[in-house]
Amino acid sequence: MSKLLNVNVGSVNLKSPIILASGTCNFGRELAEYYDLSILGGISSKGLTIKPRNGNPGVRVAECASGMLNSVGLQNPGVHYFIENDLDFMKESGAAVIVNVAGHSFEDYIDMVTTLDPHKDKIDALEINLSCPNVKAGCMTIGSDPEAIKAITSKLRRLTDLPLWIKLTPNVTDIKATALAAQAGGADAVVLINTLMGMRIDIRTRRPVLTNNTGGYSGPAVKPVAIRMVAECAQVLDIPIVGCGGIADYKDVIEFMIAGASAVEIGTACLVHPALPVDITADLEKYCEDNGIELKDLTGTLQRW
Amino acid sequence: MSKLLNVNVGSVNLKSPIILASGTCNFGRELAEYYDLSILGGISSKGLTIKPRNGNPGVRVAECASGMLNSVGLQNPGVHYFIENDLDFMKESGAAVIVNVAGHSFEDYIDMVTTLDPHKDKIDALEINLSCPNVKAGCMTIGSDPEAIKAITSKLRRLTDLPLWIKLTPNVTDIKATALAAQAGGADAVVLINTLMGMRIDIRTRRPVLTNNTGGYSGPAVKPVAIRMVAECAQVLDIPIVGCGGIADYKDVIEFMIAGASAVEIGTACLVHPALPVDITADLEKYCEDNGIELKDLTGTLQRW
Amino acid sequence: MATRKEYRIKLISKELLNADTCYLGFDCPEIASSCIPGQFVNISAGTMFLKRPFGIASVDREKGTFNIGVKVVGKGTEQIKDFEVGTEVDCLGPLGNGFDFEGCDNVILTGGGTGVFPINFAYETLTVIGKNVTVCEGFRDARQVILNKDGYILTTDAGDMGIKGTVIAGLDTLTIEDPAKTLVCCVGPIPMMKAVSAWAEEKGMKCLVSMEQRMACGAGICLCCTVKVKDDGPDGYKNVRCCKEGPVFDSREVAWS
Amino acid sequence: MATRKEYRIKLISKELLNADTCYLGFDCPEIASSCIPGQFVNISAGTMFLKRPFGIASVDREKGTFNIGVKVVGKGTEQIKDFEVGTEVDCLGPLGNGFDFEGCDNVILTGGGTGVFPINFAYETLTVIGKNVTVCEGFRDARQVILNKDGYILTTDAGDMGIKGTVIAGLDTLTIEDPAKTLVCCVGPIPMMKAVSAWAEEKGMKCLVSMEQRMACGAGICLCCTVKVKDDGPDGYKNVRCCKEGPVFDSREVAWS
Ligand SMILES: Cc1cc2nc3c(=O)[nH]c(=O)nc-3n(C[C@H](O)[C@H](O)[C@H](O)COP(=O)(O)OP(=O)(O)OC[C@H]3O[C@@H](n4cnc5c(N)ncnc54)[C@H](O)[C@@H]3O)c2cc1C
Ligand SMILES: Cc1cc2nc3c(=O)[nH]c(=O)nc-3n(C[C@H](O)[C@H](O)[C@H](O)COP(=O)(O)OP(=O)(O)OC[C@H]3O[C@@H](n4cnc5c(N)ncnc54)[C@H](O)[C@@H]3O)c2cc1C
Ligand SMILES: Cc1cc2nc3c(=O)[nH]c(=O)nc-3n(C[C@H](O)[C@H](O)[C@H](O)COP(=O)(O)O)c2cc1C
Ligand SMILES: Cc1cc2nc3c(=O)[nH]c(=O)nc-3n(C[C@H](O)[C@H](O)[C@H](O)COP(=O)(O)O)c2cc1C
Ligand code: FES
Ligand code: FES
């Protein structure tokens, strides 16, 4: 693969900026049927918790204009099962291993990081999910409060040398404040953005389409919000940003990088076209060659008016 | 026109729930070339300020997936010019007259309401815009802070008997808090939502497409966020809600009303199809007849799971 | 070997089966050569953001074509129904686990609604590989009857065609000779599948059912499409993916709700 | 009287003018019967959310058809170029203020780029109403030349066709007999319109220019498309709507930047 796509997220070197977003690739195994995962920069695991979770009942997806709502609710086999059954597969895929860590309380996150740290040789970064809108406690509740973000990040910082990427929610008044809190707590990077909280109603039944009532909005429709947040944070942060939200082609990747992202995650678009990263990777290589640049040189080159 | 479409927003009776959203219909004059404005429930004027404003320079629109960003920046002829030249036209249109009030400081809003109050016989409601993302001070800055919202609303409350509709921004962590603050300050209704802050970058020039760098996102893409916010607020508010954001057909109107809206505003969709309210009105009449209901009975009928 | 599994396929035929159901033929040798009954495809539906899943209804392996049957229930299916012959659409497939006919001599295929489509493909396949096949299909009334074939047992709720009653009334007319060697496959609405499962289990026959759930990816990566299966864990059930572990499940595994 | 002004119109002809520019004919008696040169239409561009504005390039009032010329510059124009004859699209029009030819005997039409489309419509109209018309068009090089007609003065930057230089070099070959009765109309890139305005003003001729700005509605209701005109207010300029007060402006009113 072309070296032109090489990027760094802090100390983590990725052979391409393309990371599969958490919750949209499971642990990579199913996608290995579709293409060779080693072309990827990284894979972010489904959000993991200490205990296995069945997630939310009933209908979990509601289609929207240029996107969808999901209310999966962190269904996962639990971190112990993951370590025994999926971690090696991810490691051997050839993509960087990002483990997405969720929880309901400070203790949960601490437990998770303590459990994962001994496997650091197989893990490239921990992505601390402070932003899932589909569970009652933890996640987004912590992730909307700068003080709580700083507190939990610094607690986790003391528990591991693994790079800590804090994944933030866009459902806040001031994304700079939450991103700066993560930085102050010792984060190695922030991941922007998780889903926007939304709802759809079935007008025949007068009930929410999602059995969880609300869900997380993702897909091309959220891209302008994500780009704005990445660009805002790039003006104030010293740590790198991983951009995410609505990426559907190579131009979107470039847009995120110009806005300030060092790497990107692709989620919903891969649900519609599982092998999309193959095309995007090829297009990015061509873009770099045509323009005679290395992709990483794009990061933060936005020229504001 | 069918009585089945009659709705009330507090003391304001509207012959139809359809209001043209501020900034997407100017003062109605241009649209009168396209259809008879008297079919409308109301018209919300372009956002007005004490002094005339030229708005933002350069490119003011950037297309996005299922929507657009705008950065008009409250270009308007000033409230005095409006009173002399546009208010009578609006009054005579046959639609309820909603005057959208903007400003940069508490004093501005006070000035505006004091200036408009003497014309109360021609005005059905004042829509206090605490949510425009395209000006440097005022508006969204005030509108993200519940304390400031409560303070300004109660100040304005003392200055006029006209219904005060507070238009809120979705760019906040907790829309219930800002809506409750408006209610506590004495608002007669809240209008949800104004635009989501977004950005688009031209990857060739590496500059924001909008010369104002950021803009407000509107259109079908924001509907799930708007519906969620209306439904959230409907659970806690005692005052009525005017729903807004992404409405493009009669089903969307019904979705907003089920979520909790007493009336709705349509903005961006009318930029694409100026005469759209004609179709939506006819479709709503048919819906009411087919289902044997009065439209207002839909408000807040959402049955959560 | 890795394959994208996504194809740009051309609509080559379209036929109306009844007022709101149409039968579409597509050209796609890759899918036609490898799919088995019970599997489905995920196809793009005009302007809709997500693809839509449909069971494969018939295959011509030589011509490299396959059919699906589409009942109009919403915006996506409406657009699919309006596709003109010659239209090209994105299609992911074949997806999911189909019916496993191994180890049985006799197969009873039963279903209703859009379930008759995968039943049709199963029937075509089984008659070729030479199993004893019985088909029993249930419909609301005579006007709903589609893809009927000579020798099928038919039931209608309205009683205006075939046996009056549900498919159970039809199945009850059968004499089961060797239940251990007989497989029941049912595709239809949940109440029908529940009733048929109970009927089959009572008679000592294995029963496969095909579950439906709203899907996003169809490829097992989003966990949006889960159905409940029995489990002795703390919740008493486990959520598994309809698109990946299913859509076909052993009826005894399903945690019916 | 109120009219929706939005029509579902059919593409009836398509022609490639050069590598990235095509000429499209649409059937729409309402627009064809009422439009004047300088006005534009706003047409939907495939999957794009907003419509796209294009100057009317030619009209056949009897047949009820009109033409636009479209240069591919992005996603929307790419899709428009790929429309097949027979495609139906949403179209709003005619929009904006066209050229006012009142009170002049001679008209000099000048422009370049996609500006040659409204110039073409103006030429057709003026020859019918019997004014003295001179046309001078400028292009980058010979390959860019489109819609050229006998008698037109042509300039190219490259000098491989017509006069070498900008349109000013072409205009300078003209002898202006009665400047007070001569109107200059220019449609082209901003630098060209600025230069032509200066040229005309210096010679004492009135000059109309057609401005471009990104539009959302095209109907005057969103204020997204403003251009600066001179004003003695505190800002020294006033923002007015290109789609409503324009796109045609008197060159002396424009606050060139
Ligand atoms: C494995 C599988 C196989 C299927 N096979 C067939 C088939 O052979 N023929 C056929 O006509 N239909 C089949 N369906 C159902 C079909 O996918 C849905 O009817 C279709 O997706 C609805 O799309 P829409 O846009 O028209 O409806 P929408 O507007 O999205 O929804 C309309 C209604 O359809 C229902 N619905 C929507 N999506 C699904 C879904 N994925 N599964 C079940 N119900 C849904 C909802 O109850 C909703 O109220 C199958 C579904 C699955 C999961
Ligand atoms: C009144 C008016 C008349 C016009 N007449 C013609 C015509 O006769 N023939 C023709 O080919 N084009 C004409 N244009 C320009 C045409 O509207 C744009 O080229 C088109 O909208 C671009 O769409 P896109 O999706 O391909 O480009 P986008 O992907 O949206 O943008 C590509 C580039 O095109 C430019 N652009 C986009 N929108 C506009 C716009 N509204 N005005 C100016 N530049 C824009 C931008 O600089 C951008 O970088 C006219 C524009 C206006 C305002
Ligand atoms: C079905 C689904 C499940 C998701 N699950 C998770 C998760 O477990 N953990 C997490 O951090 N983000 C999760 N996300 C959010 C995505 O990782 C991503 O941040 C978001 O979808 C925006 O990116 P996109 O528009 O490219 O999808 C999920 C998204 C979807 C659509
Ligand atoms: C071009 C444009 C200008 C707007 N100007 C105003 C304004 O002056 N005052 C205001 O309160 N809202 C303004 N808005 C916001 C709309 O009134 C509305 O709240 C928002 O666009 C969401 O609704 P929609 O998706 O139906 O457009 C503007 C929106 C657009 C698109
Ligand atoms: S639909 Fe995505 S896992 Fe089944
Ligand atoms: S484009 Fe909306 S006012 Fe001109």
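By convention in this document, chain letters (A, B, ...) are assigned in the order of the sequence lines, proteins followed by strands, and residues within each chain are numbered from 1.
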- Item | More than 12 heavy atoms of other groups within 6.0 Å of B:K296 NZ | yes

- Message: With chain B as the partner, which of A:P208, A:A65, A:S66, A:A226 has the greatest number of non-hydrogen pairs under 4.5 Å?
- Response: A:P208

- So which part of B:A259 gets closer than 4.5 Å to some heavy atom of chain A, the side chain, the backbone, both or neither? both

- Message: Between B:A248, B:G198, B:P224, who has the most heavy-atom pairs with chain A when the cutoff is under 4.5 Å?
- Response: B:P224

- Query: Who among A:L196, A:V230, A:T301 has the most heavy-atom pairs with chain B under 4.5 Å?
  - Reply: A:T301

- Item | Interatomic distance, B:I203 atom CD1 to A:L302 atom CG [nearest 0.5 angstrom] | 13.0 Å

- Under 3.5 Å: donor-acceptor pair, side chain of B:R228, backbone of A:M197: yes

- Note on the structure: To the nearest 0.5 Å, atom CD1 of B:I201 lies from atom NZ of A:K223 at 9.0 Å

- Query: Where do B:N213 and A:W305 come nearest, in terms of heavy atoms and distance?
  - Reply: OD1-N, 2.9 Å

- Query: Do A:Q303 side-chain atoms and B:R206 backbone N/O form a donor-acceptor pair below 3.5 Å?
  - Reply: no

- Atom CZ of A:R304 and atom CG of B:N212: how far apart are they, to the nearest 0.5 Å? 10.0 Å

- With side chains defined as the heavy atoms from C-beta onward, is the minimum distance between A:E232 and B:T214 less than 4.5 Å? no

- Note on the structure: Whatever's closer than 4.5 Å to a heavy atom in chain B on A:L210 counts as backbone

